[in-house]
Amino acid sequence: MEESGGEDSVPPALDKSRVLSVRPLRCLVPIFASTPNFPSYFHPQAAAPIVCNPPTTPFPAGFSPFYPLCVSPNSQNMQIPPQPPPPFGFGGSATIPSPVPFNVLRAEANGDAGPSRRSSRGLQPLQSEEDGSSDGIHVTDAEDSTRGTTAQKRRWAGSSQDMNVPTSDVETDALVENILESFNLMKFDTFRRADGDKESVQYILLIYDLLRRKISQIEDSKESTPGVTRRPDLRAGTILMNKGIRTNIRKRIGTVPGVEVGDIFFFRMEMCLIGLHAPSMAGIDYMGLKVSQDEEPVAVSIVSSGGYEDDSEDGNVLIYSGQGGHAYKRGLETTDQKLERGNLALEKSLHRGNEVRVIRGVKDIANLTGKIYVYDGLYKIRESWVEKGKSGSNVFKYKLVRISGQLEAFTVWKSVQQWKDGSAARVGLIKSDLSSGAENIPVSLVNDVDDEKGPADFTYYPTLKYLKPVNLTEPSTGCSCQGGCLSSNSNCPCIQRNGGYLPYTANGVLISQKALIHECGSSCKCPQNCKNRASQGGLKVRLEVFKTKDKGWGLRSWDPIRSGAFICEYAGEVIDISMAEELRVENDSAHVFYASSTNQPGQFMPGVSIESQKNPFPLIISATDSGNVARFMNHSCSPNVVWQPVLRENSKECDLHIVFYAVRHIPPMTELTYGYGIVPSDKAHQRKKKCLCGSVKCSGYFY
DNA sequence: TCCTCTCAGCTGTAT
DNA sequence: ACAGCTGAGAGGAAT
């Protein structure tokens, strides 16, 4: 299969440096070369029965060789079988006629085309699935002037009247235009023709996150005004909403095209934009459903986020509290909840028996003030009742039960929690820490598919080894930011090297991919927790090397990973091109990473032109004999991870690293993959391998 | 105009 | 470090 035609046509180059270097996370190019007789100076020591050696240096020599434990290969499989989702369409399942009409909502009695209210505002009658077949991305600039609240208009209209308007609005506007311009290179029509809506959903989330991080970057670079709450999430969301860059606008019962059970989100706005849950704050989303002549509200999705006294008996049952009655302000007392709005819709859905999407909010371990939203699939409401809440007021309660046969989602989170606190054993565990302490967080080795005891022999080494020193063309001096580098400090040389901005957001998320990221390093005086050292300090998430069904060993994470987050670097020995060629010829299973100057056009960023970036220090790394978790990452034609060259300031020698970041939010236990890319060699075709990534965009092979 | 299971940043409290 | 509070917020339903 060849690359889809839409991507091959590279649009005219865009001056991306005009405002800011706005470049989505993309894919560069490593290779696999090979050799059995690896030159002895690389790593001579090899213990025969050992699957994985602990590191020799600089870690303590008193290690014990690793002999894999015998774990029953018949152990229970944690893998989620890739079964197709059952037909969840509304109407197929038995529906219970609603016995009690609640006439709270005006019924559109004449059964005409629609309510008299504007369709975008009022409850939207359910349409047949066929009607909404072209629900791709909507781009409607015409809505710009008509949509938006007065508050919004005030905020975006001009800065002279409102002191709260950030002074960077001009800058932000330019940024928005720049980003959207680069995305407009993609023909939306072409894009809409793509199979399903998964692409459009991923695409919108990608644009949203890029925009949000960029706004955040600009905000960070300014002096902070006390008392002013910055909400880059809301600003990015509003912009995209107003531009009509959203999908699944029409509300629907049941599954949302392009959203899979288990998908995770970090902001409520993300779920608004892709049509999973429309309200930006409220927990219950509902719509008008035409029943013969009348229209009644039915619930379509809920967010269980801890704001009320919800209860989850087990992972498949949820006791959800109705809305309202909350004492939002101090001094106010709670009141009895009323059977209206969302509560009424839930009641109606109980009788109607329609599926309700459930999104569960869980605490984000990486960012304790934050929350992660897990789409947990479809539930049905089984019971409802009224009870006295803690404050003594009446609260509606709804018991929701998960429909069986769906992919695991929330229960995966629960399992991971149990593995972590030791209350449950990880099935198929071969070794609890593959790195033998070399990493600050253990790396599990797991096989729950067959009886192979581990990957081929290698030495775990967590960072890059330069066999011979590489001279710097320009010595770098580093910064002297005592309290850590700040974007607002324009005098910081490290900030300047990155084009005047910190390349990371305040919580360590890479803002956008660049030819080279300049991090602080050994020649800087800033502390280790400096924001400009996001790729330093070792692993942040709990990783697991596991046996895949058909691709050998792979890598995945117990923890959720947010888009742009650091995952790991590619560790190993830096070799030169001739060594790489030897390896390639001699060993078919060698692990060699080649940071080439030849880029493959963005596979998962359709339409975005990737200009050929000259990597200032093209690195070749062999992880054949020694390396870290990165060597286990498999190739995919629609990867969720990218690599990025990162240079750490160092006055003595070259300190370049290849670092992996997430390109989208990655749910727990999802395999981590990146695009291996094109081999810059005329003999590349000899190394072509059949690709098993299973992506709809699979090119059929990789190198 | 009103409603709402937001979210970042601040303050106060327990380590 | 963490819990709790504050308040400006967003889209969309209600009026």
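Throughout, protein chains are lettered first and strands after them, A, B, ... in sequence-line order, and every chain is numbered starting at 1.
Distances shown here put every side-chain N or O of A:Ser280 at or beyond 4.0 Å from the OP1 or OP2 atom of C:dG12. At C:dA14, one or more side-chain N or O atoms of A:Tyr286 fall inside 4.0 Å of OP1 or OP2 (strictly under the cut-off). Phosphate contact (OP1/OP2 of B:dC7, side-chain N/O of A:Lys371, threshold under 4.0 Å): absent. For B:dC7, the OP1/OP2 oxygens have a side-chain nitrogen or oxygen of A:Tyr373 closer than 4.0 Å.
Rounded to a whole Å, the NZ atom of A:Lys338 is 13 Å from the C1' atom of C:dA14. A:Asn343 places its CG atom 12 Å from the C1' atom of B:dC5, with the value rounded to the nearest Å. When rounded to the nearest whole Å, the span between CE of A:Met271 and P of B:dT4 equals 18 Å. One atom, CE of A:Met269, and another, P of B:dT4, lie 18 Å apart when rounded to the nearest Å. One atom, CG of A:Asn248, and another, C1' of C:dG11, lie 17 Å apart when rounded to the nearest Å. Atom C1' of nucleotide B:dC7 and atom CE of A:Met281 are separated by 9 Å, given to the nearest angstrom. Regarding A:Glu296, its CD atom lies at a distance of 18 Å from the C1' atom of C:dA14, rounded to whole Å. If you take CG of A:Asp364 and P of B:dA8, they are 10 Å apart, rounded to a whole angstrom.
Taking the charged nitrogens against the carboxylate oxygens, A:Asp559 and A:Lys420 do have a contact shorter than 4.0 Å, which makes a salt bridge.
Among the atoms of the strands shown, none is found under 4.0 Å from any heavy atom of A:Asp285. Nucleic acid contact class of A:Phe267 (heavy atoms, under 4.0 Å, all strands): sugar-phosphate only. Counting any heavy atom pair closer than 4.0 Å across all strands shown, A:Arg268 reaches sugar-phosphate atoms only and no base atom.
Of the options A:Arg533, A:Arg213, A:Glu519, a side chain to side chain donor-acceptor pair (under 3.5 Å) to A:Tyr504 is made by A:Glu519 and by none of the others.
Between A:Cys485 and A:Lys531, every side-chain heavy-atom pair lies at or beyond the 4.5 Å cut-off. Side-chain contact between A:Ile511 and A:Pro503 is absent, with no heavy-atom pair separated by less than 4.5 Å.
Taking a pair as Watson-Crick or G-U with both hydrogen-bonding distances under 3.5 Å, the stems of three or more pairs touching DNA chain C are B:1-4 with C:10-13, B:6-13 with C:1-8.
Of all heavy-atom pairs between A:Lys414 and A:Gly315, the closest is NZ-N, 3.9 Å.
A:Arg341 contributes no side-chain N or O that forms a donor-acceptor pair with the base of B:dT4 under 3.5 Å.
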Return all side-chain donor-acceptor pairs below 3.5 angstrom for residues 256-266 of chain A, not counting sequence neighbours, or 'none' if the list is empty.
{"from": "A:Glu260", "atom 1": "OE2", "to": "A:Lys198", "atom 2": "NZ", "distance (Å)": "2.8"}
{"from": "A:Asp263", "atom 1": "OD2", "to": "A:Glu260", "atom 2": "N", "distance (Å)": "2.8"}

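When the nearest nucleotides of DNA chain C are assigned to A:Arg231 and A:Lys363 by heavy-atom distance, the more 5′-ward of the two goes with A:Lys363. Ranked by how close their nearest DNA chain C nucleotide is to the 5' end, A:Ala278 and A:Leu234 are led by A:Leu234. Comparing A:Ala282 and A:Gly370 along DNA chain B, the residue whose closest nucleotide (by nearest heavy atom) sits nearer the 5' end is A:Ala282.
Atom CG of A:Asp233 and atom CE of A:Met269 lie 7.0 Å apart (nearest 0.5 Å).
For A:Asp233, the side-chain atoms get nearest to B:dC7 when compared with the rest of C:dG11, B:dC7, B:dC5. Here the side chain of A:Lys251 is nearest to one of B:dC5, B:dA8, C:dG12, namely C:dG12.
At most 12 heavy atoms of other shown residues, nucleotides or ligands fall within 6.0 angstrom of atom NZ in A:Lys363.
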